[in-house]
Structure formats: C-alpha cells, structure tokens
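A short worksheet on the structure shown next.
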Amino acid sequence: MPLITLPDGSKKHFHNDVSTMEVANSIGPGLAKAAIAGCVNGNLIDTCIPIKNDSSLNIITAKDKEGIETIRHSFAHLIGHAVKQLYPQAKMAIGPIIEDGFYYDISYKKPFTPDDLSAIESRMEELIRSNYDVKVKVVSKEEAINTFTEREEPYKLEIIKNIGENEEIKLYYHQEYVDMCRGPHVPNTIHLRSFKLMKVSGAYWKGDSNNEMLQRIYGTAWSTSKELKEYLQRLDEAEKRDHRKIGKQMTLFHTQEESPGMIFWHPKGWAIYQVLEQYIRGILILNGYEEIRTPQAVDRTLWERSGHWEKFKDEMFTTTSESREYAIKPMNCPCHVQVFNQGLKSYRDLPIRLAEFGSCHRNEPSGALHGLMRVRNFVQDDAHIFCGESQIQSEVSSFIDLVFMVYKSFGFDSILIKLSTRPTKRVGSEEIWDKSEKALADALDAKKLKWELLPGEGAFYGPKIEFSLKDCIGRVWQCGTIQVDFSMPERLEAAYIDEGGKRRTPVMLHRAILGSFERFVGILIEHYAGRFPVWLAPIQVVLMGITDKNADYCEEIYNKLIKKGYRAELDLRNEKIGFKIREHTLQKIPFQIIVGDKEQDNKSIRVRALNGDDLGEITLESFISLIESEVAKLGRVQ
RNA sequence: GCCCUUGUAGCUCAGCGGUAGAGCACUCCCUUGGUAAGGGAGAGGUCUCGGGUUCAAGUCCCGACGAGGGCACCA
C-alpha cells in the first residue's frame, strides 16, 4: 500500500505496488505520455518498475536534465538495434552518454563509412517510427551470461564478468535487440525524436591503447528539434571561430610539412604574441620575479639526473656533438635549478622567483598536434619559485591574485579551479604532502574561492592547482597552474642555509599563468573570433585616402601614429574607398582612418570603427587620446 | 602512436581512367572614385612524395609524409 509523495507535496495512496507510469496515468494522460523515467527517493528507475514502499516520486520528462540524458542513453541502444540489423556480425561494446549526446563502441570487421553512418541513421529513424515499447527485464548474472553467449557478444560478457554476484542486471529489449544497462530507458521510442549521428572514429576498448581499437559512432540528441538545431548552430559558430581558419584569413601564422607542430609566426600573429609577452614580462617584474635565459640544448646527463630522461626520452628531441648527446629542452625547470645553484643561498634570499620565456620542444605524438593548441615547440610564461616550506602558502596566495588579475585583462571573468592531491605513485614524506596540500587549500579558502578537489590527480612530485577559464561561447580552457615540487630540488641538489646554519633543500613551485603563448593566442583568436581589443589587435588602425592626391597627407598621419608606437597600416592602393573598407573590415582592424580633400584642407581625419560606426571628423590628437584609452582598457569587460 | 577521412593554382573548392577547371587573390591597362566588392586583359599547377596496375593515372591499388575528426598521450 505505497504512499507516493509528488514534488508539489501532494500525496497519493495506492492499494498495490505501483509503477511510475501508473502514477503518471492517475494524474493525467498527458503526463503519462510524457513520462520517461521515475525518480524514486532520488534514484532513477524505469517507468514500468513497481514501487513497493512509501516513496517520493518525481516523474521525469524530456524537460528534465535526467530526461534528456535518458533519451540520449536510449539513442545509444537504438544505434545497437540498427547496427545489428544492418551488420549482424557487429559486436557491441559500450554505449554511454556524453555531453550533448551519446556514442556506441562497436567492433566490426569493416570500417564504417559515411554511407554506413547515414544508413544506420535512416534505420534508426525507421525503428523510431514504429513506436515500439522498450521492455526491461531484471535477470540473474547467469541468465545475462547465457543471453550474451547465445548472441555472441564477447564485450558484453567481459562487462558482466566485472559485475558483482549480488548486483542487479537489467536487460533492455528493443524488439529483437537486447542490451544490458543500468537504465533507465525510455518506455517507447516515441520519446526518441531529435537526433543526428555526427561522426565515426576509433576508440580503444576500455580506453587502453594496448587493447583492440573499436569503432565509435557519435550522435547528438535533444528533446526538441529546436534544441537540436541550436546545438548544430553552436557547432557552426565554434567552427567559424576556429583559430586555424582565422589565423589563415588574417595571415597570423602558418604551419608546413617540414616542421610539423611548430609555428611560422607572421608579422601580425607575432604582434599579438609580443603584446602578450611584454605584458606578462611587465607584470612579473612588478611582482618580484627576475627574468633569466637558459640554454636550448642541454647534455643528456642533466635530464637523467632530473629524472626526465627515463620517463620522457622518447618525447625529447635530441642532437649530438663530439660524441655527447644533448636534449633540446622540453622544459625550463632543471636549468632554473642550475641558476639557483650558482652561489650558496641563504634563507634570507628566499623566495627567489626566476622567470623565463624559454623556447621548449616536446616531440608530441603526431595524432595529438592541433593548430596552435598542441604544438611541438612552445614558450610558456614560465617561472619557478624557490622557497622554504613555510613560504608555500603566501607564494601560492599571491600567485592566485596574479592569475585572476591577468585573466581579467582579457575579459575572462569565469575561472574554474581544481586542486589535485597525492597520487599513489609519489615521492616525498606523508608529512610534507599533508603540509603542501593544506597550504594550497588554505590559500584558496582564505580567498573564499570555490574549487574542485581531484584526489590522486597530483603529479608524482607534489600537489597542484589548475586554473581554467571559460571563453565567450562557454568552452573551458585549462591555462594556469601552480605545482609544488619536493623532488627536483633534491635530485638536482639545490640547497640553502637556514636560520640555524643548516643546509636545507628548498621547495620549488612551478607556475604559469597563460600556459603556452602559442596556445593562449589560439584561445584568444577563438574567444574574440579575431576581433581583438585594440590592445591586442595586430593592426590597430589603417589609413587610406579617397584619391591619390591624399596620399602624402595619409602618410604624414601614418608616420605620426607609428612614432607614437601604434600598429598602423597604410593602404594607398588604387582602389575605391568602399572596396578598401570592406577588406579592412574583413581583416577586423579596429579603426579605419579615411581622409579626402576635405580632411586634408581641415587638417583633420575621419574615423570609422570596426562595427561601422562613423566616429566623425576629428583631429589626430583626439583620435590618439581615443586609441590611448582603448589600449589602456586592455581586454577588460567594462 | 592507433582508427577513419583527406592532400588539385596563393586561398576556397570542382574534376574521379582519355592531353588540368572556377571564383577570389596576383600582374598590367583603363578608371581618381566619400564609407562593405568599378571595368578589361594576362600570368599562374611534375594535381604532396615514392612505387604499382593500365595502351592511358589528380582519377584505381600499395607505401611514406602532412592535414582534419576521434582515441591514447600531455613532464
């Protein structure tokens, strides 16, 4: 005789066990039609599962987050249903939901082609239209094994092996197709409407590169066709912002076969890069850092001592000279320890903050390379802080301030923070791990920041904080980090003399705010969609005359702007003004200065903003004060 | 590194067994035009590279390299 409490507080008595669907029916046929799953005392169940005890029940529909997730999950099964009809020999592995959609990993003798994909999609549509009921059956482990042995599904059997004896196993019957799942699933395919299969790619079984590679079919699904359309539009929008595409359009940089994963920066791209580098350089100097420069190629023995050789030798570029082997540096830190080690340090010298915009090379796997985002040659806004254990928290604290200040300069206001703690394989005593993890957490808490704990995700040498920013279309990019390192200073024999005259090993903090400049430029290109704030714009202002009679006057203004340090461009081509305006608008130049006879006579200029606004006929002086104030804003959102 | 897709003019792309195409860009000429494309002419390609099949290969097959999408990796 269960008593069911609904979300609005109302209660309903039932004489017998009752399913979510029956409760929904008792409320109204509309709700029954919309019901996708039940949430009973916080647990999601299928609409047909009987509820035996007094419970709170929330009837899940496509409007709920759980509803759309259930729909996506059922779509994954539907892939299975369609694939097994079209390719009976296919073996189904796993079909989970992911952000915005779902996938299914499948083993099949032939690779699925785009034609196969659309065939599968069409078959799914046909199956949906038959509005069949999805039936669930709770079975014993033995019965599940029998079912999938009979159906020759080795991956399902392997999954079952890892299910405990007493755990419930549910089989979902999609007509003749059977899948195994925790559920819940939609009661009928009538709930499966707005979807699209997106792509097929490879994926390792159980995510392990030693295992067989399966074929993964990705799909997206939404509760309405409108949402599906909006999602596809969002993808289009992201594609339009692709930094590789904009980089080409704006001639910022290029790559070529002869140096995969390394960037040829063109004048305009390098201008952006340099604004970033000079900006960070200025900030570091103001915050007690000293800039250094260390060698590009360093003898293998140093990397052996630092421990990198053993772990990363395959990912390092090497070169030889006079029978010595060198590694092109993949990171700056061991060299920074060498600088620290010159001259015995006192506790009075600490903290010592050494910064370097050092070019690093890592031979990343070819499949990992991606435009500016993942490269083989990069420069970080890298620095290492050598300090005593007691100084960790204050150093971390001021670093956090720096990170927030810098991100704000680019208009990034939404910052996500993660704290990663000791992994199973690690160096250093429990005591020092306790201390450093606490120092990091305390530094965050003292600022009342929200952060996520990632237990066991720290580096083997120490815990770390990672800072991610959200760009204007909601994508998250991990950029900043501060990592405590108790290992390297010891391995490379860094030392200082403490208050008691004893030799001690300093703690080393690895830290970066932007991460790699290459990647950060890429992020900015996508964030701004190429429409950089004046501060960063590779060309800030372009000058053009109405006719070539105005060329000398144009050049005069141009020279004044260049002398002031602005990035200006002169366009004296024999083209009509409309044509030039179009081109420079497409090049996303913030200001276009146009002068004709009138302006020349008046000793004035006419300014057009990127959005098409006419800023009127003004003097060069007032334009300079305008651009000055724009630059001073940096990229901050006002 | 692995799976799939892909590589034609500076760019974007068409051609998919029978002597290389378009638009834009480029060069030259005309045009000197006031806020998102003025007109004309011309030049430009060992069709990524190396093999193979064929009377004949951008076109089909194999391999290498690069790129794209995933997976794995990311000190």
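Each chain gets a letter, A, B and so on, in the order the sequences are listed, and its residues count up from 1. Atoms considered below: every heavy atom in the structure, side chains included; atoms not considered: hydrogens, waters and symmetry mates. It should be emphasised that the depicted structure is a prediction, and the values quoted were computed from it without experimental measurement.
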(request) Identify which nucleotide among B:A36, B:A72, B:C26 has an atom closest to any side-chain atom of A:Arg573, counting heavy atoms from C-beta outward. (result) B:C26

(request) Could you tell me whether a side-chain N or O of A:Arg567 sits under 3.5 Å from a main-chain N or O of A:Ala537, the two making a donor and an acceptor? (result) yes

(message) Quick check on the 6.0 Å ring-centre criterion: do A:His510 and A:Tyr461 meet it?
(response) yes

(request) Select one nucleotide: of B:G33, B:G69, B:U35, the one nearest the side-chain heavy atoms of A:Asp548. (result) B:G33

(request) Between B:G52 and B:G58, how far apart are the P atoms? Round to whole Å, please. (result) 14 Å

(message) Can you tell me whether the side chain of A:Glu315 and the base of B:G1 have a donor-acceptor pair closer than 3.5 Å?
(response) no

(request) Could you let me know what B:C26 is paired to, Watson-Crick or G-U wobble, both distances under 3.5 Å, or none if it's on its own? (result) B:G42

(message) What is the separation between atom CD1 on A:Ile577 and atom P on B:G34, rounded to the nearest whole Å?
(response) 10 Å

(request) Would you please confirm or rule out a distance under 4.0 Å between OP1 or OP2 of B:A75 and any side-chain N or O of A:Lys313? (result) no

(request) Would you classify A:Arg216 as touching base, sugar-phosphate or nothing, given that sugar-phosphate means primed atoms plus P, OP1 and OP2, and contacts are heavy atoms under 4.0 Å? (result) sugar-phosphate

(request) Just compare B:A75, B:G7, B:G34 and give me whichever is closest to any side-chain atom of A:Glu257. (result) B:G7

(message) Suppose you measure atom P in B:U53 against the same atom in B:A14; what distance do you get, rounded to whole Å?
(response) 31 Å

(request) For B:G45 versus B:A22, give the span between their P atoms, rounded off to a whole number of Å. (result) 14 Å

(request) Looking at every strand, decide which applies to A:Lys248 at a 4.0 Å heavy-atom threshold: base, sugar-phosphate, or nothing. (result) sugar-phosphate

(request) Return the value, rounded to whole Å, for the distance between atom CD of A:Gln256 and atom P of B:U48. (result) 16 Å

(message) Please report whether the ring centroid of A:Trp222 lies less than 6.0 Å from that of A:Phe195.
(response) no

(message) For a quick test of reading the model: is some side-chain N or O of A:Ser366 closer than 4.0 Å to OP1 or OP2 of B:G1?
(response) yes

(request) Can you tell me the distance, in whole Å, between the CD1 atom of A:Ile581 and the P atom of B:A36? (result) 6 Å

(message) I'd like the C1' distance from B:U59 over to B:G7, given in whole Å.
(response) 14 Å

(request) Kindly point out which of B:G34, B:A37, B:A72 is positioned nearest to the side chain of A:Phe579? (result) B:A37

(message) My understanding is that a pair needs two contacts under 3.5 Å, Watson-Crick or G-U wobble. By that rule, which nucleotide pairs with B:C47?
(response) none

(message) Rounded to whole Å, how long is the line connecting atom CG of A:Asp100 with atom P of B:G70?
(response) 13 Å

(message) Assuming nearest nucleotide by heavy-atom distance, tell me which of A:Tyr204 and A:Arg606 is located more 5' along RNA chain B.
(response) A:Tyr204

(request) Quote, to the nearest angstrom, the P distance that separates B:C49 from B:A37. (result) 39 Å

(message) For a quick check of understanding: with a heavy-atom distance under 4.0 Å over all strands, which category does A:Tyr461 fall into, base, sugar-phosphate or nothing?
(response) sugar-phosphate

(message) With a 4.0 Å limit, can you tell me whether A:His584 has a side-chain N or O closer than that to the phosphate oxygens OP1/OP2 of B:U35?
(response) no

(request) Rounded off to whole Å, could you give me the NZ-to-C1' distance for the A:Lys576 and B:U31 pair? (result) 8 Å

(request) Just compare B:C3, B:G69, B:A36 and give me whichever is closest to any side-chain atom of A:Met213. (result) B:C3

(request) Determine, step by step, whether A:Asp548 and A:Asn574 satisfy the side-chain contact (heavy atoms from CB on, under 4.5 Å) criterion, reporting the C-alpha distance in whole Å, the side-chain angles of both residues, the deciding distance to 0.1 Å, and the verdict. (result) CA-CA 8 Å; A:Asp548 29 338; A:Asn574 174 18; 5.9 Å; no

(request) Assign A:Lys199 to base, sugar-phosphate, or nothing according to its heavy-atom contacts below 4.0 angstrom with the strands shown. (result) sugar-phosphate

(request) Using atom CG of A:Leu197 as one end and atom C1' of B:G69 as the other, report the distance to the nearest whole Å. (result) 15 Å

(request) Write down the partner of B:U19 under the Watson-Crick or G-U wobble criteria, each distance required to be under 3.5 Å. (result) none

(request) Rounded to whole angstrom, note down the P distance from B:A41 over to B:C55. (result) 44 Å

(message) If I pick the C1' atom on B:A43 and the same atom on B:G21, what distance separates them, to the nearest angstrom?
(response) 16 Å

(message) Suppose we define a pair by two distances each less than 3.5 Å, Watson-Crick or G-U wobble; what does B:C71 pair with here?
(response) B:G1

(message) Of the options B:G7, B:U31, B:C73, whose atoms approach the side-chain atoms of A:Asn574 most closely?
(response) B:U31

(message) Is the base of B:A75 stacked against the aromatic ring of A:Phe312, taking ring centres under 5.5 Å apart and planes under 30° as the test?
(response) yes

(request) Using a strict 4.0 Å threshold on nitrogen-to-oxygen distance, state whether A:Glu526 and A:Arg475 make a salt bridge. (result) yes

(request) Searching all strands shown, indicate the nucleotide that pairs with B:U59 (Watson-Crick or G-U wobble; both distances under 3.5 Å). (result) none

(request) Verify the neighbour count for atom NZ of A:Lys206: are there more than 12 heavy atoms of other residues, nucleotides or ligands below 6.0 Å? (result) yes

(request) With the side chain of A:Pro260 defined as its heavy atoms from C-beta on, choose the nearest nucleotide among B:A67, B:C3, B:G69. (result) B:A67

(message) Regarding A:Ser209, tell me which of base, sugar-phosphate or nothing describes its non-hydrogen contacts under 4.0 Å with the strands shown.
(response) sugar-phosphate

(message) The side chain of A:Arg582 is closest to which nucleotide in this list: B:A75, B:U32, B:A36?
(response) B:A36

(request) Syn or anti for B:G69, please, going by whether the chi angle lies within 90° of 0. (result) anti

(request) Name the residue closer to the 5' end of RNA chain B, choosing between A:Gly371 and A:Arg374 according to the nucleotide with the nearest heavy atom. (result) A:Gly371

(request) Identify whether any heavy atom of A:Asp208 sits under 4.0 Å from a base atom; if not, whether one sits that close to sugar-phosphate; answer base, sugar-phosphate or nothing. (result) nothing

(message) A cation-pi test, strictly: NZ or CZ of A:Lys199 under 6.0 Å from the centre of the six-membered ring of A:Tyr218 and no more than 45 degrees from its axis. Yes or no?
(response) yes

(message) Need the pair for B:U6. Rule: Watson-Crick or G-U wobble, both distances under 3.5 Å, any strand; none if unpaired.
(response) B:G66

(request) Examine A:Phe112 together with A:Tyr87 and report whether their ring centres are nearer than 6.0 Å. (result) yes

(request) For A:Glu583, report the nucleic acid contact type (base, sugar-phosphate, nothing); a contact means any heavy atom under 4.0 Å. (result) nothing

(request) Using only side-chain N and O atoms of A:Arg244, determine if any of them is under 4.0 Å from OP1 or OP2 of B:A67. (result) no

(message) Could you tell me how far apart A:Ile589 (CD1) and B:A36 (P) are, to the nearest whole angstrom?
(response) 15 Å

(request) Answer with base, sugar-phosphate or nothing: what part of the nucleic acid does A:Gly367 contact at a heavy-atom distance below 4.0 Å? (result) base

(request) Using the six-membered ring of A:Tyr103, assess whether NZ or CZ of A:Arg216 lies under 6.0 Å from its centre and within 45 degrees of the ring axis. (result) yes

(message) Mind checking if A:Glu212 touches a base, just sugar-phosphate, or nothing, with heavy atoms under 4.0 Å?
(response) nothing

(message) Would you say A:Tyr218 places a side-chain N or O within less than 4.0 Å of OP1 or OP2 belonging to B:C71?
(response) yes

(message) Suppose you measure atom C1' in B:G70 against the same atom in B:A57; what distance do you get, rounded to whole Å?
(response) 32 Å

(request) Quick one: label A:Pro330 by what it contacts on the DNA or RNA (base, sugar-phosphate, nothing), any heavy atom closer than 4.0 Å. (result) base

(message) At 4.0 Å (heavy atoms only), tell me whether A:Gly307 reaches a base, stays on the sugar-phosphate, or touches nothing.
(response) nothing

(request) Send over the distance from A:Asp105 CG to B:C4 C1', rounded to a whole Å. (result) 14 Å

(request) Determine, using ring centers only, whether A:Phe253 and A:Trp270 are less than 6.0 Å apart. (result) no

